[in-house]
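Read through the structure below, which is laid out as structure tokens, and then see the notes.
Position 1 is the first residue of the sequence; numbering continues from there.
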Amino acid sequence: MSDHLEQQPHRATLGALRRLAPYVRPHRAALIGGGLAALASSLAGLAIPLVTRAIVDGPIARSELSVLPWLVLGVLAFGLLEAGLMFLRRRLVARPSTRIEATMREDLFAHLQRLPVAFHDRWPSGQLLSRATTDLNTIRWFVAFSGIFLVVNVLTMVAGVGVLLWLSPVLGLVIAVIAVPLIVLTLALERRFSVAARRSQDQAGDLATVVEESALGIRVLKSLGRGRRLTARFVADARGLRGTELLKIRLLAALWAVLVMLPESAIALILGLGAYGVATGTLTLGTLVGAVTVMTYLFWPIASIGWLLAEASNAAAATRRYWEVRDVVPAITDPATPVPAPDPVRGELVLHEVSFRYPGGTRDVLHGVDLALRPGETMALVGATGSGKTTLTALVGRLYDVTGGAVLIDGVDVRDLRLADLRTIVATAFEEPVLISASVRENVALGLPAASDEQVWEALRVASADGFVAALPWGLDTRIGEQGMSLSGGQRQRLALARAVIGRPPVLVLDDPLSALDVHTEAEVEAALRRVLGGVTALVVAHRPSTVQLADRVALLVDGRIAAVGTHSELLAADPEYRRLLSSPDEERADEREEVGA
Ligand code: ADP
């Protein structure tokens, strides 16, 4: 469990539920209508004991049979009313409650898209998944059912005690008095339950993370034979969750027991005191029967309170978990007063004394990096693993913001541009080409949503991907990604390239675009890249001499500092570190591996 997730202090259930207000408010008419229907239905049920008393004291005690049919019809009418109103409640709340769930989910997803990469580095994916699914389910259930019945059942209990008081003040008072300690006990148990509810939801989120990670990394886990170890972790996590669930059940069982005691002991008291009253003539038989019927009618509302309170706790914990994510303010946003994007973009890219430290990191990864790319220039970035190449490429498109210095495009700080403008100027292709579960067309058009088929094909041609895409069973419409056809590493990478070049961005940032290509395709993509790179400014992370040779100049990064800038041959001649890097056995081995994998 990540620390920051548990540091939330335990707040009262009601306080947490209040944060549902912005979502509930637009539907309050329907929800209040549903609540009123449920209340009216309960009250209709509560009227039946009153008719029962009239039947006992009239037709039975005094043989007044003429009114009997009317009284029986009355019971039937109240019963039908109760059922009809229940039906109405369900119809009234179904739409708003599902709409609330859907809107909250949409907002959460949109928010996750706005949050920067740094947020996603910190938050386990399973926690986000469980918040977007089961937690919102819990909230819907509360809005549609348990929340309404919590209110309605309390009101029904109050009304029931009112009816008892009206039937017989003594009986009513006795019931009211024995209810007090039970209420106190119930609230104490509820507090403990709400802590357990929060823990169980967090544990479910952790469990989802393990499942998700193992599904994504299944090849690695299998090939390394790590399945068993992960299974052990999963089983441990699952047992932890089970323990919490058992604790919840124990608390809920105690709540039920306490709550069932109230109506049961009340019925005993009513029978005892009532029989004495009837015997001594202070109470009619009808009143006694009426009072017992009221208590049996109240049995369900009273007993269910504990369970409904537990549901409220679950919903409160779910609401809190939801807002923990929503309350994170996106750190990378549009500037308050954006500078208009340069038009046309010349494509001069300057890193001015850029330093960078990861959020929560203890040391700078980049130190005072100065680098100037002329418009149209291709600069290769070479450096040992861990020297900060990937980090540097992430700063141009503002996946992270620099912590010192500035990144400038045509003299404008990228932080002064609208994000939408920046992302049409700069396109980034990552070393790990991620495909979404959608058609080839949609995957490529991610870079330019309004792209026509011609534009998609053109981008595919540039990335030398048109050949294999044309050979796919449904061409551009073939589904790829996790739910579709599997593509080779080289094919994926060429699609990622096509995605980057489709908008014809003036600045391209490519994190080793050729790493997963075999020698043959590498040559093809290189030729294509050479065409693309002709017109744009490009920063290209490169591991192999062949990629480096695409570049006009090379920058050598050593431990987060620019150690040298020059042409490939200059650096080869002058820099032993550079020579070593471009011919290190490590790199060659890596190349071989990639070629086999492609
Ligand atoms: P390269 O691409 O040259 O291999 P990276 O930019 O990936 O290097 O990494 C540079 C340094 O930053 C490494 O020491 C790495 O451990 C660290 N680093 C990379 N990503 C993160 C992250 N998300 N959080 C904290 N540190 C990171």
Side-chain angles (χ1 to χ4, degrees), residues 117 346-358 361-415 422 425-431 506-515 533 536-584 586-587 590:
V117 180
R346 285 183 300 122
E348 179 197 52
L349 173 64
V350 172
L351 281 79
H352 178 64
E353 291 185 6
V354 165
S355 51
F356 180 75
R357 173 180 300 196
Y358 279 99
T362 49
R363 57 177 191 90
D364 282 1
V365 174
L366 298 171
H367 314 264
V369 170
D370 271 312
L371 206 57
L373 278 71
R374 294 186 283 268
E377 185 180 27
T378 299
M379 174 90 76
L381 194 59
V382 173
T385 305
S387 58
K389 303 180 297 294
T390 298
T391 307
L392 201 151
T393 57
L395 299 177
V396 182
R398 286 190 77 195
L399 296 177
Y400 295 92
D401 269 342
V402 295
T403 43
V407 177
L408 308 157
I409 292 177
D410 290 356
V412 180
D413 192 324
V414 289
R415 286 167 296 181
L422 176 64
I425 298 174
V426 177
T428 310
F430 304 96
E431 190 176 359
V507 177
L508 266 181
V509 179
L510 308 176
D511 192 353
D512 206 3
L514 307 179
S515 74
L533 295 175
V536 303
T537 311
L539 184 61
V540 182
V541 173
H543 286 111
R544 314 180 195 191
S546 55
T547 324
V548 170
Q549 275 155 13
L550 287 171
D552 303 304
R553 286 191 297 160
V554 185
L556 175 63
L557 197 61
V558 178
D559 290 336
R561 291 187 173 79
I562 298 289
V565 180
T567 62
H568 177 54
S569 42
E570 280 168 10
L571 291 188
L572 267 186
D575 204 303
E577 163 83 5
Y578 184 73
R579 262 198 309 277
R580 199 181 56 75
L581 269 175
L582 282 194
S583 61
S584 83
D586 270 4
E587 294 292 336

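- Residue pairs meeting the salt bridge (charged side-chain N to carboxylate O under 4.0 Å, His left out) criterion with at least one member in residues 395-405, sequence neighbours excluded: Arg398-Asp401.
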Q: Determine, step by step, whether Val540 and Leu381 satisfy the side chain to side chain contact (heavy atoms under 4.5 Å, CB included) criterion, reporting the C-alpha distance in whole Å, the side-chain angles of both residues, the deciding distance to 0.1 Å, and the verdict.
A: CA-CA 6 Å; Val540 182; Leu381 194 59; over 6 Å; no
Q | Chi angles and distances behind the side chain to side chain contact (heavy atoms under 4.5 Å, CB included) call for Leu395, Leu366 | A | CA-CA 11 Å; Leu395 299 177; Leu366 298 171; 3.6 Å; yes
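- The side-chain contact (heavy atoms from CB on, under 4.5 Å) search around Ala563 returns Leu556, Val558, not counting sequence neighbours.
- Within the structure, ring pair (Phe, Tyr, Trp, His ring centres under 6.0 Å) contacts touching residues 382-403 (residues at least two apart or in different chains) are Phe356-Tyr400, Tyr358-Tyr400.
- Here the straight-line distance linking atom OG of Ser387 with atom CG of Leu581 works out to 8.0 Å at 0.5 Å rounding.
- The closest side-chain heavy-atom distance from Val407 to Val402 is below 4.5 Å.
- The nearest pair of heavy atoms linking Gly388 to Leu557 is C-CD2, 3.6 Å.
- Listed for the Asp552 side chain is a donor-acceptor partner under 3.5 Å among the backbone atoms of Thr378.
- Qualifying ring-ring contact (aromatic ring centres under 6.0 Å, His included) partners for His367, counting only residues two or more places apart in sequence or in other chains: none.
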(Q) Run Val548 and Tyr578 through side chain to side chain contact (heavy atoms under 4.5 Å, CB included) and show every step you take. (A) CA-CA 12 Å; Val548 170; Tyr578 184 73; 3.2 Å; yes
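- Taking the side-chain hydrogen bond (donor to acceptor under 3.5 Å, both in side chains) definition, one finds that Thr428 meets it with nothing, sequence neighbours left out.
- Counting heavy atoms from C-beta on, the side chains of Val507 and Val536 never come closer than 4.5 Å.
- Asp364 pairs by the salt bridge (Lys or Arg N to Asp or Glu O under 4.0 Å) definition with Arg357, not counting sequence neighbours.
- Nearest heavy atoms, Thr567 versus Val554: C-CG2, 4.4 Å.
- The side-chain heavy atoms of Met379 and Leu371, taken from C-beta on, include a pair separated by under 4.5 Å.
- Within the 3.5 Å criterion, the main-chain N or O of Ser355 finds a donor-acceptor partner in the side chain of Thr403.
- Using modelled atom types, one finds a donor on one side chain and an acceptor on the other under 3.5 Å when comparing Thr390 with Asp511.
- Taking the side-chain contact (heavy atoms from CB on, under 4.5 Å) definition, one finds that Leu408 meets it with Val350, His352, Ala406, Asp413, sequence neighbours left out.
- Judged as a salt bridge (charged side-chain N to carboxylate O under 4.0 Å, His left out), the pairs with a partner in residues 366-392 (not counting sequence neighbours) are, in order, Arg374-Glu377, Glu377-Arg553.
- Under the 4.5 Å side-chain criterion, counting only non-hydrogen atoms from C-beta, Leu510 is not in contact with Leu539.
- Panel note: side chain Arg579, backbone Leu572; a donor-acceptor pair is recorded below 3.5 Å.
- Listed by first and then second residue, the salt bridge (charged side-chain N to carboxylate O under 4.0 Å, His left out) pairs that reach into residues 565-578 are Glu577-Arg580, sequence neighbours excluded.
- A pairwise comparison of heavy atoms in Thr537 and Pro375 identifies OG1-CA, 3.6 Å as the closest pair.
- Here Ala427 pairs with Ala500, Pro505, Leu508 under the side-chain contact (heavy atoms from CB on, under 4.5 Å) rule; sequence neighbours left out.
- Nearest heavy atom pair, residue Pro545 against residue Leu582, reads CG-O, 3.9 Å.
- Closest approach of Ala564 and Leu571 over heavy atoms only: CB-CD2, 3.8 Å.
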